[in-house]
Amino acid sequence: MNNILKNVDKLIDMYEEGLLGGEVMPEDSNPHLAKETIENYNYYTLPMALNYQRNSYKLWESANKTWNDGETNFVFDTKKVSKSNFEQVQKALIKYKVALQQNKQTEIWIKLCNTINELFEGDIRKLFEINNYNINKIRDYIQKENKSKFPYLSGNKICNYWLYVLYQYTDIKFKNIEDLTVAPDTHVIKASYRLGVINNNELESNNVQKIVINRWNELLKDTKYNPIDVHTPLWLWSRNGFKELK
């Protein structure tokens, strides 16, 4: 455990010195909306539900192009989406390849817009307000109480990363940011294995995402780091080929 924590120190030092890359992150491709606006919250919410098994940089480049096109940016307005027919939404989402799976991902987008309209009167910011800006309450609301209403956004990986991105790119102030966990995508899982946080059997487990989340929570308890602090360094370390820690 001490060796792992020493390597975590090295990894974060390398990240802070710019040795892992990351000067430009995927979500930096954005229309630079005012942080507090509903438009900004929607921009960082709706594409996130399509952020699985694909290149994150390309997804957000596509989202930015879609926003900047007057013919397609209606898809970021949940009320306009709900009033549009399937073909109109699909055409806008595939124009710049926000949706790669044309039918399935259009359905996900529309369902999420309908959820936001039905539960929050078209304002996703109310989700956080009714849950008192508490990370655990927000996750329970999405992942347990209303899981079917939040396709893919309710997943272990995407839910945590979405909350992290909102924390970075909107004006949201969570009351307990220390409870935000790593988002266990492929890169974070590989990096966790490389550091010895999980073993080979755990790496191959169907439960590997939950194992990675729990292991980092345990490992960083009572240390100077919150679990989410290691997410981006782990992601960049894996994505850039596991540079030697020094």
Side-chain angles (χ1 to χ4, degrees), residues 1-30 32 35 44 47-48 51-61 63-64 135 139 155-174 176-205 207-246:
M1 179 174 170
N2 285 337
N3 284 338
I4 294 175
L5 289 175
K6 286 179 182 177
N7 283 330
V8 168
D9 285 334
K10 292 178 183 177
L11 186 66
I12 289 181
D13 285 347
M14 289 175 68
Y15 166 65
E16 290 177 346
E17 290 170 16
L19 300 177
L20 300 178
E23 295 85 356
V24 177
M25 294 299 289
E27 299 80 14
D28 288 335
S29 185
N30 68 75
H32 303 290
K35 284 190 170 187
Y44 285 111
M48 193 64 76
N51 190 18
Y52 56 91
Q53 296 181 343
R54 66 189 299 180
N55 184 307
S56 294
Y57 284 94
K58 289 185 178 179
L59 168 66
W60 291 104
E61 286 170 8
N64 198 23
I135 293 285
R139 274 198 304 243
N156 284 323
K157 178 191 80 172
I158 293 180
C159 185
N160 282 287
Y161 191 65
W162 170 55
L163 295 176
Y164 172 66
V165 166
L166 291 182
Y167 176 67
Q168 296 281 17
Y169 291 91
T170 74
D171 71 335
I172 199 164
K173 299 290 187 294
F174 293 119
N176 51 336
I177 193 65
E178 66 277 4
D179 289 333
L180 193 57
T181 72
V182 295
D185 69 354
T186 301
H187 285 303
V188 169
I189 290 170
K190 287 180 179 177
S192 299
Y193 173 69
R194 186 92 171 196
L195 287 173
V197 174
I198 58 173
N199 61 38
N200 192 60
N201 288 337
E202 291 167 334
L203 178 65
E204 302 299 326
S205 167
N207 238 5
V208 64
Q209 289 187 339
K210 288 187 177 179
I211 294 170
V212 167
I213 287 172
N214 292 335
R215 200 60 54 76
W216 279 110
N217 286 347
E218 294 164 7
L219 188 67
L220 298 179
K221 187 177 181 180
D222 299 325
T223 71
K224 61 184 176 181
Y225 301 119
N226 294 321
I228 198 60
D229 294 339
V230 301
H231 173 85
T232 299
L234 291 171
W235 190 84
L236 289 169
W237 189 43
S238 171
R239 193 174 187 277
N240 291 306
F242 297 111
K243 292 183 178 180
E244 181 183 356
L245 298 177
K246 53 188 177 181

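The residues of the chain are indexed from 1 along the displayed sequence.
- Distance check: Arg194 CZ to His187 NE2 gives 13.5 Å after rounding to the nearest 0.5 Å.
- One N or O on the side chain of Asp229 and one on the backbone of Asn226 form a donor-acceptor pair closer than 3.5 Å.
- Between Tyr44 and Trp60, the ring planes are tilted. Angles from 30° to 60° get that label.
- Under the 3.5 Å distance criterion, the side-chain polar atoms of Glu17 are left unmatched by any main-chain donor or acceptor of Met14.
- Looking at heavy atoms from C-beta onward, Tyr164 lies in side-chain contact with Thr232 at the 4.5 angstrom threshold.
- Residues Tyr193 and Val208 fail the side-chain proximity criterion, which asks for heavy atoms closer than 4.5 Å.
- Judged purely by atom type and a 3.5 angstrom limit, Asn199 uses its side chain to pair as donor or acceptor with the backbone of Asn201.
- Lys243 contributes atom NZ, which lies 13.0 Å from atom OG of Ser238 (distance to the nearest 0.5 angstrom).
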Test side chain to side chain contact (heavy atoms under 4.5 Å, CB included) on Asn160 and Arg139 and set out the steps. CA-CA 8 Å; Asn160 282 287; Arg139 274 198 304 243; 2.9 Å; yes
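- Within the model, atoms CG of Leu166 and CG of Asp171 stand 10.0 Å from one another, a figure rounded to the nearest 0.5 Å.
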Given the rule in the side chain to side chain contact (heavy atoms under 4.5 Å, CB included) test, do Leu11 and Leu20 qualify, once you have shown the distances and angles that lead to the verdict? CA-CA 9 Å; Leu11 186 66; Leu20 300 178; 3.9 Å; yes
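- Counting only heavy atoms from C-beta outward, the side chains of Met25 and Val165 never approach each other to under 4.5 Å.
- The heavy-atom pair separating Gly21 from Leu236 by the smallest distance is O-CD1, 3.7 Å.
- Ile189 and Pro184 make their closest contact through CD1-O, 3.5 Å (heavy atoms, listed as atom of the first residue, atom of the second, distance).
- One distance of note links CG of Asn7 with CG of Asp13; it measures 11.5 Å at 0.5 Å rounding.
- Contact of the Leu219 side chain with the Leu5 side chain is registered, since non-hydrogen atoms from C-beta on lie closer than 4.5 Å.
- The two atoms that bring Leu163 and Phe174 nearest to each other are O-CE1, 3.5 Å, heavy atoms only.
- You'll find the side chain of Leu234 stays beyond 4.5 Å of the side chain of Tyr15, heavy atoms only.
- Residues Glu27 and Tyr161 have side chains that bring a donor and an acceptor to within less than 3.5 angstrom of each other.
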Test log, rule side chain to side chain contact (heavy atoms under 4.5 Å, CB included), inputs Val197 and Val212: CA-CA 8 Å; Val197 174; Val212 167; over 6 Å; no
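- Under 3.5 Å, the side chains of Tyr169 and Asp28 contain a donor-acceptor pair of N or O atoms.
- A donor-acceptor contact closer than 3.5 angstrom is absent between the side chains of Trp216 and Thr181.
- Rounded to the nearest 0.5 angstrom, Tyr167 OH and Leu180 CG are separated by 9.0 Å.
- In this structure the side chain of Asn51 never reaches within 4.5 angstrom of the side chain of Trp162, judged on heavy atoms.
- Here the CZ atom belonging to Arg215 is positioned 4.0 Å from the CD atom belonging to Glu202, to the nearest 0.5 angstrom.
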Start with the C-alpha distance between Asp9 and Lys224, add both sets of side-chain angles, then the distance that settles side chain to side chain contact (heavy atoms under 4.5 Å, CB included), and finish with yes or no. CA-CA 10 Å; Asp9 285 334; Lys224 61 184 176 181; 3.7 Å; yes
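- At distances below 3.5 Å, at least one donor-acceptor pair connects side-chain atoms of Asn55 with backbone N or O atoms of Lys58.
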